[in-house]
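Only this structure's heavy atoms are used, side chains among them; waters, hydrogens and symmetry mates stay out. Predicted model only: the values in this text are computed from it and were never measured.
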Amino acid sequence: MLSRIYIKNFALIDTLDVSLKNGLQVITGETGAGKSIILGALRLILGERADIKSISKTQEKSIVETEFDLNNQFKKFFIENDLDYEHQTIIRREILPSGKSRAFINDVPVTLDILKELTSQLIDIHSQFETSNLFTAEYQFKIIDGLSDNKKLIENYQQDFYEFQTLKTQLKKFQTQLSENTKESDYKQFLLSELEDMRMDDVNYPDLQNQLSVQENAGMISENLAQLLSKFHQEEIGILSFFNEAKSKLSKIAEVSTSFAELNERFETSFVEIKDILSELEDEADRIEINPETLARLLEFNNKINSLFLKHNVSDIEDLKEIRDQLSGEQKGTAEIEAYIAQIVENISKKEKSLEASSQKLSKNRKKSIPVFIKKAEDLFKKLGLEKAKVNIEITEASEYNQFGKENIQLLFQANSGFPLKPIQTAISGGERSRVMLAVKKIIAESDELPTLILDEIDTGVSGKVAEEIGNLMREMSEDMQLIVISHLAQVAAKGNDNYKVVKQDINGKTQSTIIPLNDEEKLNEIAQLISGSKITEAALTQAKELIG
């Protein structure tokens, strides 16, 4: 419920502060008094665009502040948006002299999107000729679902539909990714197989290069080793014979001179090392084998390695291993994507079954409620002076699921007898719009909890009995909701639980608008003035009393 409106420095309003109550709240006032200014300020609370031209005193900021009495059903919204929940919630919009605007919920700055999301659940402003939402499928489904007691069912269905749409989006994403992967998959698989065939984890590249060099130079190595070993082993002039003789002579010298003992010891150590080297050279010489097949195999393997280096623009076996592992991971990733797609397709199938079951229940309930809607609407039309008006709701099967089920809806209308029903957006005239919308709002109010409804002069152009019926209808609606009505009709004003008047005054040479609550006597005089004009007559006062009852 909207419990307070505070406006400062907005157009003709210097300061306005008014408290509102539940039930039917009627606002009257002369044309041009400023009623539309108040509505314009309230539209800022709904998140509409702020205009710097609305600031009266250009050096000061403009403020529009509203206070709402909320119930616990809004707690979830506050928690999800990290806001402090208060039963008495204050929503404020400020327009700064710079032209920038700010929005606050309980003094916490919020974006306009968050502001709109909350206030759209709190206020519904409906002005004369403003019936475009009546033409939307969303609104038409809301009408019939309210009568069908489909509220919980449609909530569950729309949750399933949201998840269904999310799954379809995911499926498309993975299918696109798989398609892109598949284009290169065969080539990448070839590269991977080529690398895996090399068994690079078993390859010691430096050792391979050494083996290849030995095989390529085996003849030269064998020849030189043979000559070297021959020099060592010749009996008379061989190097070993020379070393043995030298060792014997140096040993004798060391026995008589301690200064040669260390040199003798070093010579013996070196001689032992030379003999050890000679032994290993002999072993190597025995292993050297000139084998064309081994050389060909090593050359072939080395050429493959070098070819892979060139192909992948690397120079190290470890780099090739890294590329192999990356390709292997990508191939596994493709398999995982295929598994994801299969799982998503299965989930979509399950979700479709749930949507089908829910949509059938929704459709069945709706079709049962169409006659109820027709009866209620046409009865209300008669009361509102549309005696010959006819209405119907046409529900047809849709080709695919939408947010309301698997069907389309069309609200049909005709105001005159003998003519076919047509879609309401093409059949309704300007003079009928507001009364049809009022009837629809009344039907919705009976089956659904509506936010505060503000009706702005939707009773224009009617009088007499129809005006009386509009007042009665508004009073009935206000029993279950807060209904704020801006009206020029005495019949409507008389039905108000509380009445207010917008007045325009000259204060210190400046025209200002404000709103004042009316007591019983002031209400009576206001209604009489609506009847008789600026001069209140006794007859008008008598008629006003009769209207108030």
Exercise. Stepwise, does the side chain to side chain donor-acceptor pair (under 3.5 Å) test hold for Q360 with E356?
Worked result: CA-CA 6 Å; Q360 287 183 7; E356 180 63 25; 2.7 Å; yes

For this session: Take D160 and K351 through the salt bridge (charged side-chain N to carboxylate O under 4.0 Å, His left out) test and state the conclusion after the steps.
Result: CA-CA 7 Å; D160 279 346; K351 195 60 69 177; 3.4 Å; yes

For this session: Under the salt bridge (charged side-chain N to carboxylate O under 4.0 Å, His left out) rule, what do K495 and E476 come out as? Steps first, then yes or no, please.
Result: CA-CA 10 Å; K495 304 296 181 184; E476 287 178 26; over 6 Å; no

For this session: Carefully, step by step, assess D506 and K510 under the rule salt bridge (charged side-chain N to carboxylate O under 4.0 Å, His left out).
Result: CA-CA 5 Å; D506 284 337; K510 182 178 179 181; over 6 Å; no

Exercise. Going through the checks in order, is the salt bridge (charged side-chain N to carboxylate O under 4.0 Å, His left out) test met by K382 and E469?
Worked result: CA-CA 10 Å; K382 288 182 176 65; E469 288 295 345; over 6 Å; no

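Of all heavy-atom pairs spanning S478 and L483, the tightest one is CB-CB, 4.1 Å. The minimum heavy-atom distance between P451 and Q121, with the atom names listed, is CB-O, 3.2 Å. Taking each heavy atom of Q25 and K21 in turn, the nearest pair found is OE1-N, 3.0 Å. In plain terms, the two heavy atoms of S363 and E407 that are nearest each other are OG-OE1, 2.8 Å. The two residues T58 and P97 make their nearest non-hydrogen contact at O-CB, 3.2 Å. Nearest heavy-atom pair across V391 and A377 is CG1-CB, 3.7 Å.
Contact check on K523 versus D498 returns no salt bridge, with no Lys/Arg side-chain nitrogen under 4.0 Å from an Asp/Glu carboxylate oxygen. At a threshold of 4.0 Å, the pair K383-D379 does not count as salt-bridged, since none of the basic side-chain nitrogens sits closer than that to a carboxylate oxygen. A salt bridge between K116 and E48 is absent, with no side-chain N of the basic residue lying under 4.0 Å from a carboxylate O of the acidic one.
Checked by atom type, the side-chain pair Q159/E155 shows no donor-acceptor distance below 3.5 Å. There is no side-chain donor-acceptor pair under 3.5 Å between K61 and N9. Counting only N and O atoms by type, the side chains of N106 and D84 include no donor and acceptor under 3.5 Å apart. At a cut-off of 3.5 Å, with distance as the only test, no side-chain donor of Q410 or K422 sits close to an acceptor on the other residue.
Stacking of K406 on the aromatic ring of Y401 is recorded, both the 6.0 Å distance cut-off and the 45° axial limit being met.
In this structure, Y340 and F174 have tilted ring planes: the angle between them lies in the 30° to 60° band.
Within 6.0 Å of CD on E30 lie no more than 12 heavy atoms contributed by other residues, nucleotides or ligands.
Checked by atom type and distance alone, the side chain of S349 never pairs as donor or acceptor with a backbone atom of V345 at under 3.5 Å. Counting only distance, with no hydrogens or angles, the side chain of N150 and the backbone of L153 share no donor-acceptor pair below 3.5 Å. Between the side chain of D51 and the backbone N or O of K53 there is at least one donor-acceptor pair closer than 3.5 Å.
A side-chain hydrogen bond (donor to acceptor under 3.5 Å, both in side chains) with R4 is found for exactly one of T66, D69, D17, namely D17. Considering I424, I395, I393 in turn, I424 is the only one that fulfils the side chain to side chain contact (heavy atoms under 4.5 Å, CB included) rule with Q140.
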